[in-house]
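Structure, as C-alpha cells:
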Protein chains: 2
Amino acid sequence: MASHGARGRSGGRPTLEEVAARAGVGRGTVSRVINGSPRVSDATRAAVEAAVAELGYVPNTAARALAANRTDAIALVVPEPETRFFAEPYFSDMLKGVGAELSETEMQLLLIFAGSDRERRRLAQYLAAHRVDGVLLVSVHADDPLPDLLAQLEIPAVISGPRSAAETLTSVDSDNYGGARQAVEHLLSRGRREIAHITGRLDVYGAQRRVDGYRDALRDAGRTVDERLIEPGDFTEEGGRRAMAALLERRPDLDAVFAGSDVMAAGARQVLREAGLRIPDDVALVGYDDSAIARHMEPPLTSVRQPIEEMGRRMIDLLLEEIADRRPAVSRGLERRQVVLATELEERASS
Amino acid sequence: MASHGARGRSGGRPTLEEVAARAGVGRGTVSRVINGSPRVSDATRAAVEAAVAELGYVPNTAARALAANRTDAIALVVPEPETRFFAEPYFSDMLKGVGAELSETEMQLLLIFAGSDRERRRLAQYLAAHRVDGVLLVSVHADDPLPDLLAQLEIPAVISGPRSAAETLTSVDSDNYGGARQAVEHLLSRGRREIAHITGRLDVYGAQRRVDGYRDALRDAGRTVDERLIEPGDFTEEGGRRAMAALLERRPDLDAVFAGSDVMAAGARQVLREAGLRIPDDVALVGYDDSAIARHMEPPLTSVRQPIEEMGRRMIDLLLEEIADRRPAVSRGLERRQVVLATELEERASS
DNA sequence: AGGTACTGTGGGAGCGCTCCCACAAGTGAT
DNA sequence: ATCACTTGTGGGAGCGCTCCCACAGTACCT
C-alpha cells in the first residue's frame, strides 16, 4: 500500500475504524451508533459519540453509497430551461416547500435542469448511474419520456402534475377542477352571465381539468356552455392577448373572463383595456396561480391560489416513503397514490 | 456472499468486471478505456467499447468516488434564502453561464442554498464530508466564515465577488470601480452637475468599489465630492426610496442620481415622481445591473451591465483548473488569481 | 548477441463503509 | 439445571471502482 498509504495518513479524515479504536469498540458498533440503531447500550453509545466528536468524524458518503447502495440524495428535475424556472414563482415556492421538508432529514437535494437535448442526455446518464435515490418531477408534458425512463430504471419518483387521469407515477396535484369551479361560481355569484374561459395548454392535464371545472360549474348552475366562450391559450402573456382578442371578436357581449393563469390574465387585461373595457365594471377578470403578477396588477387580480409550498412538502413525504419501501425489495405497493390538495380563491378588485 | 449476492444478480447493473469478461480483457484495461487513457491499442478499445454498449454499462459513481477520492460534482453555494435567489436575475444569469460551461464536462452541478442557520450547518457537514470536488461561491458578505471553512477543508473554491481587496480565494468579479466611473462620466457628459449616489450595502466590497469609482470620476473631472450627495442603501427597493428621500431633503437641487442597483433605482424613481420631478428632464437616473427592471421601467433606465454569464463561465474555468491542479498534490500555486471583467453602459431614456 | 526502452495488458490491493453471522452474556420459563 | 430467547457486540466479506506493479511483447540501439 505504498501509494495509497500516503493519502490516508493521519492528516486525512478519520475513518470508522479509527473511531472504533478510539472508543474501544468494534467497527460494527460504531456503524450502529452512526446510523441510530437501537441495539446499542447507552454506555457504548456515549463512548462512541465522544470519540466521534473528538476526532471530528464525518462519514464518507462514497463508501456508504457503495456499501449500502444508496446515495442519500434526491433530484428535483425541471424539464425546462433555467430561464422559465426563474421566471415563474411556481418553482420557487415549490422549492421552498421541498427544502423545508427535506431539512428534517439527511437527504441532499439536487436541482437539475433538463431543458435542452444535451441536458436531457446528461440527465439520462445521471439517472442510469443511479446517482440519486429518488426523483421529483415538476411541470412534465403529456408526451415526456422521462417518467417511463424512471420507471424502467426503477427509480422512485413523484410527479407534481399528473400527465393524465391514468398517471402511473405517484403524484401530487392541486385541485384544478375544483379551483376552476371556485372561480366560475364566484363570477356567477357576482351576477356575471357571459363568462369566457382562456385555457392553458391543453396537453397539460391540469389545464384540461380547469376546463372541465369551468364547464361543470356553468352546467350545475343551469347554464348551457357556449363553446365560443372557450378559447385555448398557452400559458403565455401573448397567448392571453390572442385568446382575448378572439373572444371579443366572437362574443363582444361577454362580461367576465376566467383565465387559466395569471400571466394570460395579464395579456387579456391589455386587450380589454385597448378595447376600452373597464375592469371590473364592464368585464370581470379572474386568474389562476395567485402569483406576484396578480397582486401587482392594476386593478389587483382575483386569482385561484394553489398551495404550492404544501405540494412540495407532500411530494417529499411521498418520495421518502417510496424510497423507504423500496429498500428491502418489498412487495411493490400496487395502489397508485395520488394526492390532491384544495385551492383557495383570493378575491381582489378585478371581479 | 449469501446476502449480498441477491442484490448483485444479473438483473442489476453490469460492473467493470462483467464488461471485461465480455470484451475478453482485464479489469484494468476496461478502466483505461472508460477513463480515456491513451495507453490502449485501438483494437482493444473498440472491443471494450462494444462490450460497454452491449451491456449498457454505466460506471458506478460511488465506487469511483471511493477509489479515486473525487466526486465529479461541484456545488454552487448561495448564502441567501431561496427567495432572494429567485428574485434577482443576477443568479439566474450566473447559473446560465455556469451551466453552459459545465455542460462541456462530466461534472455535475449542485445548487445549495445556505440562507438559514440550519442550512448553514447542513452545508458545513456536507462540505466536511467532501461530497463535492469544488465550490462556487456567490454573493458572500465580508464577515462570512464560509471561505475560511473551505480553505481549512482544502476544498478548491472560486468566489464571485471578492470580500475585500485582500481576498485570498481565487475570484471573478466585474469591474465595479470602472462601471461606476462609466455611469458618472456619462452623466457628466450629459451636462449634469449635482450627481448623487445611492450606494449598495457597504459590507459588500463591490458596493464600496462603486463608491470609489463615483468619487474618482468626479474628482478627475475637477469636481469636489459633496458627502451629502452620497447616501447608503441596501440593494432593496425600500432602501432606494429611503435614500432618495434623504438626498432630496439634503440637496433638493440635485440633477442626477447614480443608484448602486436597478432595484434601488426603481425605489428612487418612485420618490422622485412623488416629488413631482421628471425623469430625465429634472433628474437623470442611472442604475446598475441592467436587469429586466431597467428595460421595463418608465422611462427605460440607463444602467451598467455586468457580464454575469461570462463571469459564471470564467468561474467554472478557474475552478476546474484548481481541482485539476490539486489532484496530484502539486505545489499549490501561490499567486492569487483574480479575474476582473469589464462592464458596459447601456444608455436608455432615463439619462 | 545482449542490453535498454517503451507499449499494452492483467490483476492484487485497497478505498471506507454496511450487512450479517457468530457468539458471549443475561433473563426467564420449565 | 436446562432450554429458549433476547440483547449487545466484534469482525469477515463484499460493494465496484482506481491505482500501480509486474510482466509479456516488440523495437531499436550497441
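Proteins get letters first, then strands, A, B, ... in listed order; numbering begins at 1 in each.
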Spacing of [X] atom [atom1] relative to [N] atom [atom2], expressed in whole Å:
X       : N       : atom1 : atom2 : result
L66(A)  : dC17(C) : CG    : C1'   : 8 Å
N60(B)  : dC17(C) : CG    : P     : 17 Å
D42(A)  : dG8(D)  : CG    : P     : 8 Å
E18(A)  : dG16(C) : CD    : C1'   : 10 Å
I34(B)  : dC17(D) : CD1   : C1'   : 11 Å
R131(A) : dG16(D) : CZ    : P     : 17 Å
R70(A)  : dG16(D) : CZ    : C1'   : 17 Å
Y57(B)  : dG16(D) : OH    : P     : 10 Å

Whether [X] contacts [N] is assessed here as follows: a side-chain N or O lying under 4.0 Å from the phosphate OP1 or OP2. Is that the case?
X      : N       : answer
T29(A) : dT9(D)  : no
S31(A) : dC19(C) : no
N35(B) : dT18(D) : yes
S41(B) : dT9(C)  : yes

Where the side chain of [X] is concerned, which of [options] is the nearest nucleotide?
X      : options                   : result
R39(B) : dT18(C), dT7(C), dT18(D)  : dT7(C)
T15(A) : dC17(D), dG16(D), dC17(C) : dC17(C)
T44(A) : dT9(D), dT18(C), dG10(D)  : dT9(D)
A63(A) : dT9(D), dC17(C), dC17(D)  : dC17(C)

Would you say the side chain of [Y] lies within less than 4.5 Å of the side chain of [X], judging by non-hydrogen atoms?
X       : Y       : answer
L137(A) : R163(A) : no
R120(A) : P145(A) : yes
L95(B)  : L76(B)  : yes
M107(B) : I316(B) : no

Which is true for R64(B) with a 4.0 Å heavy-atom rule: it touches a base, it touches only sugar-phosphate, or it touches nothing?
sugar-phosphate

For the side chain of R27(B) and the base of dG12(C), is some donor closer than 3.5 Å to an acceptor across the two?
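Yes, the side chain and the base share a sub-3.5 Å donor-acceptor pair.
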
Could you check whether the side chain of R32(A) and the base of dG10(D) have a donor-acceptor pair of N or O atoms closer than 3.5 Å, going by distance alone?
yes

DNA chain C: A43(B) or A62(A), which has the more 5' nearest nucleotide?
A43(B)

Please find the pair of heavy atoms, one from E309(A) and one from D93(A), that lie closest to each other, and give the distance.
CG-O, 3.4 Å

